[in-house]
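Below is one structure; the comments refer to it alone.
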Amino acid sequence: MDTDETRMNEAMNPIAENARPRLASKARLKWDEARKKHLLLFPEGLLVLNPTARDVVALCDGTITFAEMVKKLGEQYKTETVRADIEELLSRLADKGLVKIKDEG
Amino acid sequence: MPPSSLIPHPSSFKERPYALLCELTYRCPLQCPYCSNPVDFARHRDELRTEEWERVLSEGAALGVVQVHFSGGEPLLLPDLPRIVRRARDLGLYSNLSTGGTLLTEKMAKTLREAGLDSLQVSVQDSDAENSDRMAGGAPSFEKKMNAARFAREAGFALTINVVLHRQNLDRIEAIIAMAEKLGAERLELANTQYNGWALKNRSTLLPSRAQVERASSVAGLARERLKGKMEILYVIPDYFEQFPKACMQGWGRVFMTVTADGSVLPCQTAREIRGLTFENVRTRSLEEIWFRSETFCKFRGTDWLPEPCRSCERKEMDFGGCRCQAFLVTGDATVTDPVCSRSPQRGLIEKALEEAVPGGVLIYRNANESLRLG
């Protein structure tokens, strides 16, 4: 059971503007009523998501582009670093195979 | 009335379990000599019925469980498995099935997917068909496992391949990784044998050499980098070769609970090996009562119970004193520091086992006859 969030500080590739990130079929978002937390569930593990991360993952439906994601969440959160934050999160999730950024099944 | 080993008042402990392992049956067509089922499994025959499993899942979800693992024995021996999976899905649980694969048909793979199973794991004993069959015991199984992996992929599952590693297959780690890639696995668990239960009976034959472990670690590390984002590779150095123990189960009674085929509730699936502990049963207690108030769940929870050298160790919040089953099985006392720890006064017992490991040797297979003889 992997609940470790700290070991994902690795080099990342930039994400193309027109990439359409998609949640992997093995991963599932869940609202955990008992703990009042957003979870991302996958085989043998889970990540506890903060509300911002949850909003990013919820947009990973394979139709919305990275650029659109940045625009939408930028309007919502109005922070300087929104682009870098989304890129970092998606790269980390992609390295774990939880989000597919390129169309590779 | 059942013998009561509930503590009278709930403690201040408020954490809830994330994961529930359901060992649906101890029956299995395979006989792997490192099986995690208790050695005396054949003495526990009174299996829970489907309705009882459905109730267990409901109680688990209410308690805070978000992930359920269906395992065995061989869970595909239960005709009602799709119904049980369906219940897990209806409760919003993420579900995983661990199977030996020999009974997985194309039709069953589809049925399980339709029932809402999220993830499927097939165990393979080796990349070499002959050795895989030899380790699994019984009738030839390798080809069936290859087919099972294909059926799982075709039904739309994210496939996990699990290979237990030991002296007799560790040197084929490249071929094992290649096999998992070829099968289209999204995850490969390279699980070094944990020397409890059946594996402890076969320890001198299964324990690898340090050179084997180090070479395999480096191969697995390179493959993990190469396959990042395509196939996740889990490889953990076996604790006999480490300086410190692992945080077994991330701490006793902290995130995880197991319900066995006959309804006993354990903090981990091998805890039955520890003599002197009593286990509550889902037939007489709710999962919530057992989680918060069972004497056995409370016994090794947290760090207050820890002996020296753990009590004054800076690592105690990291490993919680290591594995209780290992402490009991190696030293005869479940309340001492895990003997794999280099700070344990009993580390010498592990060094001795490493010296006694031998190539060759006769394996004791996990089957009902051996279980009744040894258990």
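Just so it is clear: chains get the letters A, B, ... in the order the sequence lines come, proteins before strands, and each one is counted from 1.
- Between the CD atom in A/Glu44 and the NE2 atom in B/His69 there is a gap of 4.5 Å [rounded to 0.5 Å].
- No donor-acceptor pair under 3.5 Å is formed between the side chain of B/Arg16 and the backbone N or O of A/Arg35.
- With a 6.0 Å radius and a threshold of 12 heavy atoms from other residues, nucleotides or ligands, A/Lys72 has its NZ atom at or below the threshold.
- Between atom CG of residue B/Leu159 and atom NZ of residue A/Lys26 there is a gap of 10.5 Å, rounded to the nearest 0.5 Å.
- In this structure, chain A has no heavy atom under 4.5 Å from any part of B/Leu227.
- Counting only heavy atoms from C-beta outward, the side chains of B/Tyr94 and A/Pro43 approach each other to under 4.5 Å.
- Only the side chain of A/Leu39 comes within contact range of chain B, with heavy atoms under 4.5 Å apart.
- Atom CD of residue B/Glu186 and atom CZ of residue A/Phe42 lie 12.5 Å apart, to the nearest 0.5 angstrom.
- Enclosure of atom NZ in A/Lys37 is not indicated, since only 12 or fewer non-hydrogen atoms of other residues, nucleotides or ligands lie within 6.0 angstrom.
- The line from CZ of A/Arg28 to OG of B/Ser119 is 11.0 Å long, rounded to the nearest 0.5 Å.
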